[in-house]
Number of protein chains: 2
Amino acid sequence: MQKLDSTDREILKYLQENAHLTTKELASRLNLSPTPVYERVRRLENDGVIKKYVAVIDREKIGKDLMVFCNIRLKEHAQEAGKKFVEEIVKLTEVIECHNISGEYDFMIKVVVDDMREYQSFLMNKLASLENIGSTHSIFVMSEVKNETKFEV
Amino acid sequence: MQKLDSTDREILKYLQENAHLTTKELASRLNLSPTPVYERVRRLENDGVIKKYVAVIDREKIGKDLMVFCNIRLKEHAQEAGKKFVEEIVKLTEVIECHNISGEYDFMIKVVVDDMREYQSFLMNKLASLENIGSTHSIFVMSEVKNETKFEV
DNA sequence: GGTGAAACTATACATTG
DNA sequence: CAATGTATAGTTTCACC
């Protein structure tokens with residue numbers, strides 16, 4: 001896999017904003033013909049630089065009004081115990097993100113649910129029922145100021 | 001804007017996984033003809049339920065090896081002061097997310113940069129130079145266990 | 001709400017320079 | 001990388017159920 005040049009970076013910039021841009025439209029933005037653009041996009045896809053194309057949904061328009069960051073400390077830190085936790089947590093559809101973090105907690109997960117009732121049920125019935133959970137600490141999102149999917153390339 | 005029925009929800013489920021699905025492909029998955037699918041997708045777009053379609057980039061393949069959650073406490077909590085902070089923080093391209101949160105900090109931001117050197121420079125030159133920053137606390141992501149863009153609809 | 005066909009438009013990809 | 005050509009596939013509309 002070769003390094004990205006400035007044309008690749010421009011392509012990524014545009015596709016991170018709009019996945020429905022056609023080769024033609026991209027080409028005209030880059031002052032190129034469609035041919036090289038087509039080849040570069042395919043290369044970026046094959047190399048896995050572009051992982052996938054997705055639709056971004058308005059969370060509140062589908063009634064997911066509550067977002068919570070939940071910090072989790074495990075009881076046991078043995079490799080096996082951690083692996084087990086990870087296997088289980090990724091299965092939960094309410095868990096959008098899970099990160100292994102530095103600091104006083106082991107993991108931070110981002111949870112999206114309809115409302116507080118559902119979050120409570122998530123905590124009590126799903127999270128707490130996993131083995132090896134030591135303690136949790138929930139931080140509630142009061143308002144979303146910025147939420148991008150895009151990186152500066 | 002009408003409520004979503006189960007067909008809408010199925011469409012959203014598929015498009016959240018792959019924005020490049022065509023009307024035809026969606027239709028065959030839903031056992032429908034292209035026409036209603038086409039109309040529903042357009043309605044979902046117009047209603048803003050589908051905000052946009054984006055390419056998802058592999059963060060590490062473009063050298064963004066460091067992700068940090070940075071908790072921020074403001075000095076002044078007057079509405080004006082908070083507004084000013086928000087206006088400035090959203091401009092920073094390293095800041096992928098910014099949430100107004102409950103608890104001992106006012107905001108949590110998600111920052112993506114190349115390496116620790118760049119993060120240090122971000123903290124010192126960009127974040128600290130905003131007015132009204134009281135204190136910050138960085139939590140480093142050691143490994144990304146799950147990172148979805150998708151909600152269960 | 002849905003079907004199915006028809007018309008139109010755009011795209012992907014190969015070829016040649 | 002440009003330009004062109006063409007097979008193929010997509011979008012969109014319409015008449016009808």
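Because the structure is predicted, anything quoted here is derived from the model rather than measured. Quick note on labels: first sequence line is chain A, next is B, and so on, each numbered from 1.
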Nucleotide-resolved protein contact map, nucleotides 1-17 of chain D, B/S/- at heavy-atom distance under 4.0 Å:
SBB------SSSBB---

Between [N] ([atom2]) and [X] ([atom1]): distance, integer Å:
| X | N | atom1 | atom2 | answer |
| --- | --- | --- | --- | --- |
| A:Leu26 | C:dA12 | CG | P | 10 Å |
| A:His20 | C:dA10 | NE2 | C1' | 14 Å |
| B:Arg43 | C:dG1 | CZ | C1' | 11 Å |

Not counting sequence neighbours, which residues clear side chain to side chain contact (heavy atoms under 4.5 Å, CB included) with B:Asp106? List them please.
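By the side chain to side chain contact (heavy atoms under 4.5 Å, CB included) rule, B:Asp106 matches B:Arg73, B:Leu74, B:His77.
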
With A:Arg40 via salt bridge (Lys or Arg N to Asp or Glu O under 4.0 Å) - residues at least two apart
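Per chain and number, A:Arg40 pairs via salt bridge (Lys or Arg N to Asp or Glu O under 4.0 Å) with A:Asp5, A:Asp8.
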
Through direct or indirect side-chain contacts below 4.5 angstrom among Ile, Leu, Val, Met, Phe, Trp and Tyr, which residues connect to B:Tyr38?
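Hydrophobic cluster check, B:Tyr38: no partners found.
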
Sorted by first residue and then second, give each salt bridge (charged side-chain N to carboxylate O under 4.0 Å, His left out) pair with at least one member in residues 85-103 of chain B; sequence neighbours left out.
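Of all non-adjacent pairs touching residues 85-103 of chain B, those that pass salt bridge (charged side-chain N to carboxylate O under 4.0 Å, His left out) are A:Lys110-B:Glu97, B:Glu88-B:Lys91, B:Glu94-B:Lys126, B:Glu97-B:Lys110.
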
Any salt bridge (charged side-chain N to carboxylate O under 4.0 Å, His left out) involving residues 112-125 of chain B? Give me the pairs, sequence neighbours left out, ordered by first then second residue.
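Found B:Lys64-B:Asp114.
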
